[in-house]
Amino acid sequence: MLKAVPGTNDVFAQAKEYPFREPVFRYIVQSAEEVLRGAGAQMIHTPIIEYLEVFQKGVGPTSDIVVKKEMFVLEDRGGRLLALRPEPTASIVRAYNEHGMKVWPQPVRLFTWGPIFRGERQQKGRYKQFHQVDYEALGLADPLLDAEAIALMVRIYKTLGLRGLEVKLGSVGDPADRLRYNQYLRGLFEPYAQTLSEDSKTRLETNPMRILDSKSERDQQIIAELQPRPMLEFLGPEARAFHEKVCHYLDRMGVSFSVDPSIVRGLDYYVRTAWEVHHAQIGAKSALGGGGRYDGLSEMLGGPPVPGVGFGIGIERLAIALEQEGVRIPADPGPMLYLAPLDEAAKIEALALAEQLRPKISVEIGYTPKSPRKALEDALKKGARYVGFLGESERAKGVITLKHLESGEQKELEPLQLHSLFEGPEVQ
Ligand code: AMP
């Protein structure tokens, strides 16, 4: 028997693990959508496959996604390489340029949600296919948008009932600041080059900042010993002023956060603002979500300069945090009425009656004739409020036998009575 690929999951109501229960997913997505639409953002769906270059150029050659070959790459019939999206921002910037959104009133604020693919080693809270809610504000380099994005992200978490959040805000500076910081780090780590993990040896050449984010314990030990100065100390005057404005705006909005001078984000395209949202129970190593500014990304994709800032919220990790905090999402209600045919002839009667009643109430039918006892059992399992029996004696009298499952009360109703019962306030 074939099984799902490890690290991918089926999402459905009865899924054993909480993060993969469809009502939990829906609760998160719908709440996020309400918050983001309420703030004037517009939904966009981009394809989950793009030309490989979109992501290769987008996430950058030194990001983990490229270095660790985490992208799922496929080839089209013409031999052109495509990839499943490992993050949504590059696609949205690609779409912004492709559809000439630059002539719209700026900023253009877009959001999406859907599957993301990364060939990472599977562990709790880390999957090969996971899902994100993603928000991007494009076309304006104003720290106001950074502060607003952080506030919106926090509001999504709070709307869901999550407490215990920590927003860690930093800045990765402008490219020139990073160049200086990387030079400093290279000097610092060079003597330890042989002791670093294989990945970090490469990072030492290409982008030493990424060493700080390494998941290798050995690297983290070296970092703990060396105590590198944080990126924030290397900001030039412009990036510093920008960062201070973001902090000021957040204070003014009453959004709590702490400045984390050592934040470095996983993707190469970030400039200036970078932040992560952490949650005690998820653990310090894995962020609940993160975001940042990426003013150079559009040019990396061959487009004009388009400043942008945005965030990604990992849906599964958020669901784990909700579960750990005991935020329970009510299960979906069962049908109002479960109509059970008791013999062959009643099957189509049940379907026809369901068709009439469905505009008013939710109706499920028992497709295969069964005994009243078995029908009752099925109705209970489905969480129905009423069960309706349709059999030979009902047909002879032109009625349906209706049983209210909670009270056990049972009566025979003619079709008209049945219609009016379900129009009454009692069943609303
Ligand atoms: P990133 O794009 O790496 O900043 O990730 C944004 C958010 O997506 C993270 O904070 C996580 O919540 C989630 N995330 C990233 N990678 C994974 C993964 N492999 N499995 C599950 N969630 C992930």
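Residue numbers run from 1 in the order of the sequence given.
- For the salt bridge (Lys or Arg N to Asp or Glu O under 4.0 Å) condition, the pairs that include at least one residue of residues 354-363, sequence neighbours left out, are K360-E423.
- Between F257 and D251, the closest side-chain pair of non-hydrogen atoms falls below 4.5 Å.
- Residues R272 and D174 form a side-chain contact, since some pair of their non-hydrogen atoms from C-beta on lies under 4.5 Å apart.
- No donor-acceptor pair under 3.5 Å is formed between the side chain of Y386 and the backbone N or O of Y338.
- Within the 3.5 Å criterion, the main-chain N or O of R121 finds no donor-acceptor partner in the side chain of R126.
- For L179, there are no side-chain contact (heavy atoms from CB on, under 4.5 Å) partners, not counting sequence neighbours.
- T112 has its side chain within reach of I92: a pair of non-hydrogen atoms, C-beta onward, lies under 4.5 Å apart.
- Between the side chain of D76 and the main chain of G78, a donor-acceptor pair closer than 3.5 Å is present.
- The distance from atom NE2 of H248 to atom CG of L144, rounded to the nearest 0.5 Å, is 10.0 Å.
- Rounded to the nearest 0.5 Å, atoms CE (M153) and CD (E148) are 14.0 Å apart.
- What you find for A287 and R317 is that their closest heavy atoms are O-NH1, 2.8 Å.
- Considering all non-hydrogen atoms of both residues, A350 and I365 come closest at O-CG2, 3.8 Å.
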Give the C-alpha distance, both sets of side-chain angles, the deciding distance and a yes or no for side-chain hydrogen bond (donor to acceptor under 3.5 Å, both in side chains) between E166 and H279. CA-CA 6 Å; E166 200 189 345; H279 185 265; over 6 Å; no
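- Closest heavy-atom contact between G312 and Q132: CA-OE1, 4.0 Å.
- Residue pairs meeting the ring-ring contact (aromatic ring centres under 6.0 Å, His included) criterion with at least one partner in residues 79-128, sequence neighbours excluded, are F20-Y127.
- Although no hydrogens or angles enter the test, the distance criterion places a donor-acceptor pair under 3.5 Å between the side chain of S362 and the main chain of M336.
- Between the side chain of E205 and the backbone N or O of K201, no donor-acceptor pair lies under 3.5 Å.
- Atom OG1 in T195 sits 4.5 Å away from atom CD1 in I222 (nearest 0.5 Å).
- Within the structure, no pair that satisfies the side-chain hydrogen bond (donor to acceptor under 3.5 Å, both in side chains) test touches residues 151-161, not counting sequence neighbours.
- Every residue two or more places apart in sequence or in another chain that forms a side-chain contact (heavy atoms from CB on, under 4.5 Å) with P107 is listed here: R109, L140, L145.
- The local environment of CD in E406 is sparse, with at most 12 non-hydrogen atoms from other residues, nucleotides or ligands closer than 6.0 Å.
- One side chain, D219 or S200, offers a donor N or O that lies under 3.5 Å from an acceptor on the other.
- Separation of atoms CG (L162) and CD1 (I28) is listed at 9.5 Å; rounding is to 0.5 Å.
- At least one side-chain heavy atom of P115 sits less than 4.5 Å from a side-chain heavy atom of I48.
- By the 6.0 Å contact criterion, CD1 on I49 is open, its count of non-hydrogen atoms from other residues, nucleotides or ligands being 12 or less.
- Taking OG from S216 and CG from L196, the interatomic distance works out to 8.0 Å, rounded to the nearest 0.5 Å.
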Test side chain to side chain contact (heavy atoms under 4.5 Å, CB included) on E276 and I263; report intermediate values, then the result. CA-CA 8 Å; E276 282 177 358; I263 282 231; 4.0 Å; yes
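- When side chains are defined from C-beta on, L82 does not count as touching L52, because their heavy atoms never get closer than 4.5 Å.
- Remark: of the listed residues T206, N207, D177, N207 is the sole one forming a side-chain hydrogen bond (donor to acceptor under 3.5 Å, both in side chains) with N182.
- Residues satisfying the side-chain hydrogen bond (donor to acceptor under 3.5 Å, both in side chains) test with E238, not counting sequence neighbours, are none.
- No donor-acceptor distance shorter than 3.5 angstrom exists from the side chain of K382 to the backbone of E377, with no hydrogens or angles considered.
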As a quick check of understanding, evaluate side chain to side chain contact (heavy atoms under 4.5 Å, CB included) for F130 and I315, giving each step before the final call. CA-CA 7 Å; F130 60 100; I315 294 182; over 6 Å; no
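- Across all non-hydrogen atoms, the minimal contact from G161 to E325 is O-OE1, 3.9 Å.
- E364 places no side-chain N or O within donor-acceptor distance of the main-chain N or O of L339, the cut-off being under 3.5 Å.
- A donor-acceptor pair under 3.5 Å links the side-chain atoms of Q220 to the main chain of L212, judged by distance alone.
- Looking at every heavy atom in both residues, T46 comes nearest to R94 through CB-NH2, 4.3 Å.
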Passes side chain to side chain contact (heavy atoms under 4.5 Å, CB included), L318 versus L160? Steps please. CA-CA 10 Å; L318 174 52; L160 290 164; 3.5 Å; yes
Criterion side chain to side chain contact (heavy atoms under 4.5 Å, CB included) on V167 and S256, from CA distance to verdict: CA-CA 7 Å; V167 178; S256 9; over 6 Å; no
Would you list the atom pairs, donor with acceptor, under 3.5 Å between side chains in residues 224-236 and any protein atom, with sequence neighbours excluded?
residue	atom	partner	partner atom	Å
Q227	NE2	A224	O	3.3
R229	NE	E233	OE1	2.9

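- Residues P341 and G366 approach most closely at CD-O, 2.7 Å, considering heavy atoms.
- Interatomic distance, CD1 of I223 versus CG of D213, reported as 8.5 Å (0.5 Å rounding).
- Legend: side-chain hydrogen bond (donor to acceptor under 3.5 Å, both in side chains) pairs involving residues 289-315, not counting sequence neighbours, sorted by first then second residue: N97-S298, E136-Y294, D146-R293, R293-D295.
- Counting heavy atoms from C-beta outward, I211 and F189 have side chains that approach closer than 4.5 Å.
- Under a 4.0 Å N-O distance rule, the pair R118/E70 does not qualify as a salt bridge.
- Contacts of H243 classified as ring-ring contact (aromatic ring centres under 6.0 Å, His included), with partners at least two apart in sequence or in another chain: none.
- Annotation for K57: atom NZ does not count as buried by contact number, only 12 or fewer foreign heavy atoms lying within 6.0 Å.
- Between R80 and E75, none of the side-chain N atoms (NZ, or NE/NH1/NH2) sits under 4.0 Å from a carboxylate O, so this pair counts as no salt bridge.
- Inter-residue side-chain proximity for Y249 and E244 is flagged as unmet; no heavy-atom pair is nearer than 4.5 Å.
- The ring-ring contact (aromatic ring centres under 6.0 Å, His included) check on Y135 picks up F311, with sequence neighbours excluded.
- A search for side-chain hydrogen bond (donor to acceptor under 3.5 Å, both in side chains) contacts involving R26 returns E22, D332, not counting sequence neighbours.
- Ion pairing between a basic and an acidic side chain is recognised when a charged N comes within 4.0 Å of a carboxylate O; D378 and K374 show such pairing.
- Residue pairs meeting the side-chain hydrogen bond (donor to acceptor under 3.5 Å, both in side chains) criterion with at least one member in residues 3-21: none, sequence neighbours excluded.
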